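Encoded as structure tokens, the structure appears first; notes follow it.
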Amino acid sequence: MEKNHSKSGNRAWAARLKTGTPPHIRRNVSTQQIMLDVAIALVPACAGAVYYFGISALLLIVVSVLSAVLSEYLWQKIARQRVTVLDFSAVVTGILLALNVPATAPLWTVAVGSAFAILVVKQLFGGVGQNFINPALGGRAFLVLCWPALVSRFVAPGSMTITSVQSLLTGTVDAVSSATPLAQIAQGQAPSYLNLFTGNIAGSMGETSAMLILLGAFYMFYRGVIRMHIPLAYIGTVAVLSWVFGGNGFLTGDPIASILSGGLMLGAFFMATDYATTPATRAGQYIFGFGAGILTSVIRLWGDYPEGVCYSILIMNAVSPLIERLTLPRVYGTGKKAQTLEISMGGK
Amino acid sequence: MLKRTFTGGMPHEHGWDRKTQTRDSKPIPFSPKRVAVSMFQMIGAEDTPLVKVGDTVRLGQRIGEPAGPMGVPVHASVSGKVVAIEKRLMDNTSQALCVVIENDGQDLLDDSIRPFEGERTPEAIISVMREAGLVGMGGAMFPTHIKFRTGDKPVDYLLLNGAECEPFLTVDDQLMRNHPERVVEGAAAMMTACGAKQALICIEDNKPEAIRAIEAACAKSGQPISAMAMKTRYPQGGERQLIQAATGREVPAGKLPLDARVVVSNVGTAAALAEALETGMPLLRRAITVSGAVEKPQNVIAPLGTVVADLLEFCGGLTQAGNKVLLGGPMTGCALPSVDVPSLKGTTGITVLTADESEESACIRCGACVGACPAYLMPFRIDEAFINERMDVCASLKATECIHCGCCSYVCPAKRHLAERVFQARLKLRAMK
């Protein structure tokens, strides 16, 4: 009886076979690619920040990113975990944190804010995908809590003149503090739509130019990195509520000015779309956007803070796991649809 | 008119179906020097060999007797001499007894092969299904006679699965283009067997020639059989997705298509039935798509038991890039540790790939897997629960409904082995019941 009549010894390729579980092909996508796409989508807003607020904007962004990456690297080294800084998620957090502060913030504040965002909000809870709130917004909320004055001195574009490195480090700049559009709207004098759209207004570094943010948002949508459900639900809700309640009397509000002002655009497209802190279900995403919209409007209209985006998103982040649990999809073959079928089919 | 489809599934990038290599490759017959016909049955025990070493066998001769009423017989796929009866590796884990026959190249037909001439009653056709050794040729290899023994249960639709949604595979496409009348005849016989009121031959729209050919054959047949074009999307050929898209019905969890008054069968199985009725020839050869990183990708008609190594050699061997050989397609196929594995009744293709060795990284909760799952599961959450050994969470997330299509792993940017773990959760839960 022949035992080994296979002839596989003649075939060199038979020896180099690899195994593994199906599927054996993968889509050409990676975490790194996604994060890189977000970073690219932020380039217009960063460029705008430098254009409007000068070299200090660039320095703030660079310091913020370096602090985020270094914090993550050191943590992972010390904790003997796999170093994942090359997935660019820390880079994105660093950029977003910087864009959330005004250009007059001292350099050390973004360094501290980024470190907090990465170490406390992200790594302490399990690293990428495990953060319980948006890291950049968490960092910003921390800064506002600890040094409110230093991170709220908004200036108008073109008014930044840094005359010495020292002033950069201490943050004592000669620019004149200027009212943000939301503050102006509250006084009844809204800036022009054009200025609101292009960003020729006072505000934190990344929030001013709706135009540049939208550019980045469309890029991310085209690349499949974000879906428009949360941003549109969020912005739509704010638009409607500001129209209904935002003016002097019912239905006299200015929805366009409202959605172009403050941090809504930046928040809706770049922070309310963070994967880890928003529901993974379609229905849950609509609820998230809707809820954030209500909270933002309530804070803006009836709270003492001029802007409510940061806290709205943070609160919805906290509720997000619950929302997801309540909106679990109906599994194929279960639920009402299957039951009706069983009844009509004679019940088996 | 809006084409039928289901929700979820694989996103389609350019060239995703990888069928261009063999799309127009008409299957050519291959006669290996030796075959190892497996006694393996999907359900129940192996067949018992009816021959011994040294026996001469003829083409179509019964060489394996089923252990019970659920099993089907196995027939000699070549004529020649039995040189061994031994255990062989079947895939990456299991072994089965094989009757190894030295092919004399003559294809001498056994005397028992005779066309079916009786009245085509349901019982008679089901009997032919069993005697011809028919099993599901789409890959699952479920005994056809068992599936069609529907008893008193009403059947509204017979669906013939011509979707062939797996990338690379083109044998069903070729069958429908070259022998559409055989498929339709098989459908007619199957309708009689299960008492179906009508038959729909479901074909994905990336096979326009097949759709036209089947439509023409249906028109000629004068029976309530028609072609139905479906939107091309993996896994349209999954039984539950096919039923959902073609009829709008969902098979209730844990139940069979029959509970939705539907019977589903592969087009190849239907054609095999038609041939068994017309010529008496049992299932002993089939077309296989050999493609991917091989020198000469093509469709081959090979006798059952043709060893993968021989097929690969017939197709010029692997290219430099090829280092992973799959039985089946890339989404659900099994990676072989050895190429000395024989082909089975359900072997649809041999796909050679360059192994993707991306490392798994942390889940970023992007939800791509949720959008891709055709069973509407949340794979990333089942994955997490399974890793943390929370089978209760896996159960509440309905991991038992996973169809093992592989879409979740395919779309995952973190390259997580989601499909593997969700399916393992399913297996574990079913075993725990």
Side-chain angles (χ1 to χ4, degrees), chain A residues 1-8 10-14 16-35 82 84 87 89 126-130 224-225 227 275-282 285 324 328-334 337-339 341-342 345-346 348, chain B residues 11 13 34 53 83-84 86 92 167 240 249-253 255 259-261 307 309 313 317-318 322-326 330-340 353 355-356 358 361-367 370 374-378 380 398 401 406 409-411 413-415 417 419-420:
Chain A
M1 176 152 64
E2 292 172 61
K3 266 282 174 191
N4 193 16
H5 43 69
S6 59
K7 293 192 285 183
S8 65
N10 297 344
R11 302 164 179 135
W13 40 261
R16 64 171 195 261
L17 293 181
K18 306 244 178 216
T19 54
T21 50
H24 307 280
I25 50 174
R26 301 277 176 138
R27 197 178 184 195
N28 194 10
V29 66
S30 69
T31 304
Q32 190 188 57
Q33 260 181 47
I34 292 177
M35 295 299 157
R82 203 171 117 201
T84 60
D87 71 6
S89 53
V128 72
Q130 305 291 328
V225 170
R227 293 267 166 272
Y275 297 139
T277 51
T278 53
T281 58
R282 197 50 32 93
Q285 287 165 359
E324 191 177 281
L328 286 180
R330 178 192 66 85
V331 171
Y332 176 110
T334 65
K337 186 153 189 194
Q339 277 170 16
L341 192 79
E342 286 196 47
M345 295 287 144
K348 291 285 182 284
Chain B
E13 283 96 23
R34 195 170 274 146
V53 177
V83 293
E86 60 189 16
N92 54 7
R240 297 162 86 85
R249 303 176 184 181
E250 277 184 23
V251 180
K255 298 277 166 66
D259 296 299
R261 293 186 174 171
V307 172
E313 198 169 80
L318 271 59
N323 60 4
K324 201 175 197 188
V325 176
L326 310 174
M331 293 303 288
T332 58
C334 153
L336 297 173
S338 150
V339 286
D340 293 325
L353 298 175
D356 180 327
S358 324
S361 57
C363 170
I364 58 173
R365 304 178 71 93
C366 67
V370 181
Y376 314 146
L377 301 176
M378 308 225 356
F380 75 96
K398 304 272 193 309
E401 301 313 301
S409 287
Y410 180 81
V411 295
K415 311 297 179 193
H417 297 160
E420 178 186 340

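Just so it is clear: chains get the letters A, B, ... in the order the sequence lines come, proteins before strands, and each one is counted from 1. The structure presented is a predicted model; accordingly, all values stated were derived computationally and were not measured.
Interatomic distance, R16(A) CZ to L318(B) CG, rounded to the nearest 0.5 Å: 6.0 Å. Atom-to-atom distance recorded for S409(B):OG and H24(A):NE2 is 10.5 Å, nearest 0.5 angstrom. Atom OG1 in T334(A) sits 7.5 Å away from atom CD in E250(B) (nearest 0.5 Å).
The part of T281(A) that comes within reach of chain B is its side chain, from C-beta onward, which places non-hydrogen atoms under 4.5 angstrom from that chain. The contact between T332(B) and chain A is made entirely by backbone atoms, counting heavy-atom distances below 4.5 Å. Residue V307(B) does not touch chain A at all, counting heavy-atom pairs closer than 4.5 Å. Heavy-atom distances place the backbone of C363(B), and not its side chain, under 4.5 Å from chain A. Contact of A419(B) with chain A is made through the side chain alone, with heavy-atom distances under 4.5 Å. Contacts of R282(A) with chain B are absent, with no heavy-atom separation under 4.5 Å from either backbone or side chain. Proximity to chain B (any heavy atom under 4.5 Å) is shown, for Q32(A), by neither the backbone nor the side chain.
The side chain to side chain donor-acceptor pair (under 3.5 Å) test applied to T19(A) returns no partner, not counting sequence neighbours.
Counting heavy-atom pairs under 4.5 Å between each of E401(B), H417(B), M378(B) and chain A puts M378(B) at the top. Between chain A and the residues C366(B), S358(B), A362(B), the most heavy-atom pairs under 4.5 angstrom are made by C366(B). Top candidate by heavy-atom pairs under 4.5 Å with chain B, chosen from S30(A), S89(A), G126(A), is S30(A). Your options are A414(B), G367(B), G406(B), P374(B), and the one with the most heavy-atom pairs under 4.5 Å with chain A is G406(B). Taking chain A as the reference chain and counting heavy-atom pairs below 4.5 Å, the highest number among L353(B), L326(B), V411(B), D356(B) is found for L326(B).
The 12-atom threshold is not exceeded at CZ of R227(A), counting heavy atoms of other residues, nucleotides or ligands nearer than 6.0 Å. Annotation for K415(B): atom NZ counts as buried by contact number, over 12 foreign heavy atoms lying within 6.0 Å.
Contact check for P167(B) versus I25(A): side-chain heavy atoms found under the 4.5 Å cut-off. Using a 4.5 Å heavy-atom cutoff, the side chains of P22(A) and M331(B) are not in contact. The closest side-chain heavy-atom distance from L377(B) to Y332(A) is not below 4.5 Å.
Of all the heavy atoms in Y275(A) and I364(B), the pair that sits closest is CB-O, 3.1 Å.
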